[in-house]
Visitor: 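Sharing a structure with you now.
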Amino acid sequence: MTFTRRLALACAALACSTTMVHAADNWPSRPLKIVVPYPPGGSSDIIARSISQQLSESLKQPVIVENKPGANGNLGADIVAKSSPDGYTLLLCDLGALAISPSIYTKLPFNPSKDLRGAAMLAYSPHLLVVHPSVKANNLKELVELSKTSDLNFAVTATGSAPHLAGVELARATGAKWVYVPYKGGVQSVQDTVAGQTQVLMNGMLATYPHVQSGKLKLLGVSKRERMPLIGSSPTIAEQGVAGFETGSWQGVMLPAGTPPAITKRIGEALVAAIRTPDVRSRLTGQGAEVVTMSPSEVDSFFASERARWAKVVQQEKLQLD
């Protein structure tokens, strides 16, 4: 490479760096958009709408929540991954589900590990193992035995979703037998189980627990290592013979790779402050979500760990989609 060429590249890099610093200094100067890659009413949507006002007040700009469902959350994630890395487009989703996608989909249009970066972890809610009230089982053992003699349909939010693989992992550990029925989102899978069209469901507590409270679904187990104070009388799946079983919905925020570190840091801090406000924390805790926060680097480490964990399950079950 000639000296002139090297000098031109160096000048271009310096100009780009200067522009990014200037942009970070003036950020935000226009509305922000939170993309939720699922239909309205699910855990991610609930959290996004719970924090949007606090985030708007903190950053002094409007914050708009947009639902972009499709392809098990990958449609919305792809939109964010390919958007400008300027801090104005955020992805709020189940990070565990996003970590599964590279193992499940053979033709994913983006690479989550390369095209997205963590901004903040916000909340965790365990999966609830629930059944339609007509199902003649009152605990995990009875459900497993029933599954061997009766036809049970297991509703999943989408093929390859975190609740789907949680069901696969549970069936592998217990010998349960059921037929997986895929949906395009958690809301529809819950609605059909409430209606009795499917009999078994694992789904995030935040979106599922209200139906347990109303008696429309029967709770058999919680996918957490310790019991939750909100539902302390309900046993965990681990207590019922599946040692160490823990899955759930990890709600966090990702940004396009290349977003300036200063902007990423400010977004992360604003998100954590919003989720920790007493009103939001109280509301989410009352619905079964724990406020669990992580820094951008911790989110990236969590994502890598979850990707490795679920890749093994996908490989064992030979679960792949185009």
Visitor: Listing request: all ring-ring contact (aromatic ring centres under 6.0 Å, His included) pairs with a residue in residues 189-213, at least two apart in sequence or in separate chains.
Guide: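 Non-adjacent pairs meeting ring-ring contact (aromatic ring centres under 6.0 Å, His included): zero.
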Visitor: With sequence neighbours left out, which residue pairs that include part of residues 136-146 fulfil the salt bridge (charged side-chain N to carboxylate O under 4.0 Å, His left out) condition?
Guide: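 Only E145-K148 qualify under salt bridge (charged side-chain N to carboxylate O under 4.0 Å, His left out).
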Visitor: Taking only residues two or more places apart in sequence or in another chain, which ones pass side-chain hydrogen bond (donor to acceptor under 3.5 Å, both in side chains) with E246?
Guide: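 E246 satisfies side-chain hydrogen bond (donor to acceptor under 3.5 Å, both in side chains) with R225 only.
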Visitor: Please list all pairs meeting ring-ring contact (aromatic ring centres under 6.0 Å, His included) that have one or both residues in residues 256-285, counting only residues at least two apart or in different chains.
Guide: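 Listed by first then second residue: nothing to list.
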Visitor: Taking side-chain hydrogen bond (donor to acceptor under 3.5 Å, both in side chains) as the definition, give me every residue that meets it alongside S84, ordered by chain and number, with sequence neighbours left out.
Guide: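 With neighbours one apart ignored, the set is D86.
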Visitor: Tell me every residue that passes ring pair (Phe, Tyr, Trp, His ring centres under 6.0 Å) with F154, counting only those two or more places apart in sequence or in another chain.
Guide: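 Partners of F154 under the ring pair (Phe, Tyr, Trp, His ring centres under 6.0 Å) test: W178, Y180.
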Visitor: Which residues pass the ring pair (Phe, Tyr, Trp, His ring centres under 6.0 Å) test with Y124, not counting sequence neighbours?
Guide: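 Once residues adjacent in sequence are excluded, the partners of Y124 under the ring pair (Phe, Tyr, Trp, His ring centres under 6.0 Å) criterion are W250.
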Visitor: Mind checking side-chain hydrogen bond (donor to acceptor under 3.5 Å, both in side chains) for N111 and listing every partner two or more places apart, or none if nothing turns up?
Guide: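 So N111 forms no side-chain hydrogen bond (donor to acceptor under 3.5 Å, both in side chains) with any residue.
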Visitor: Applying salt bridge (charged side-chain N to carboxylate O under 4.0 Å, His left out), which residue pairs with at least one partner in residues 150-163 are found, sequence neighbours left out?
Guide: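 Every candidate salt bridge (charged side-chain N to carboxylate O under 4.0 Å, His left out) pair involving residues 150-163 fails, so no pair, neighbours aside, qualifies.
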Visitor: Suppose we screen for side-chain hydrogen bond (donor to acceptor under 3.5 Å, both in side chains). Which residues come up paired with K82, at least two apart in sequence or across chains?
Guide: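 Result, side-chain hydrogen bond (donor to acceptor under 3.5 Å, both in side chains) vs K82: D78.
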Visitor: Sequence neighbours left out, what pairs pass salt bridge (charged side-chain N to carboxylate O under 4.0 Å, His left out) with at least one residue falling in residues 198-214?
Guide: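 Every candidate salt bridge (charged side-chain N to carboxylate O under 4.0 Å, His left out) pair involving residues 198-214 fails, so no pair, neighbours aside, qualifies.
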Visitor: Please indicate whether K218 has more than 12 foreign heavy atoms, meaning atoms of other residues, nucleotides or ligands, lying under 6.0 Å from its NZ.
Guide: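 Result for NZ/K218: enclosed.
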Visitor: Taking only residues at least two apart or on different chains, which pairs with a member in residues 229-244 satisfy salt bridge (charged side-chain N to carboxylate O under 4.0 Å, His left out)?
Guide: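 Counting only pairs at least two positions apart or across chains, the salt bridge (charged side-chain N to carboxylate O under 4.0 Å, His left out) contacts touching residues 229-244 are R227-E239.
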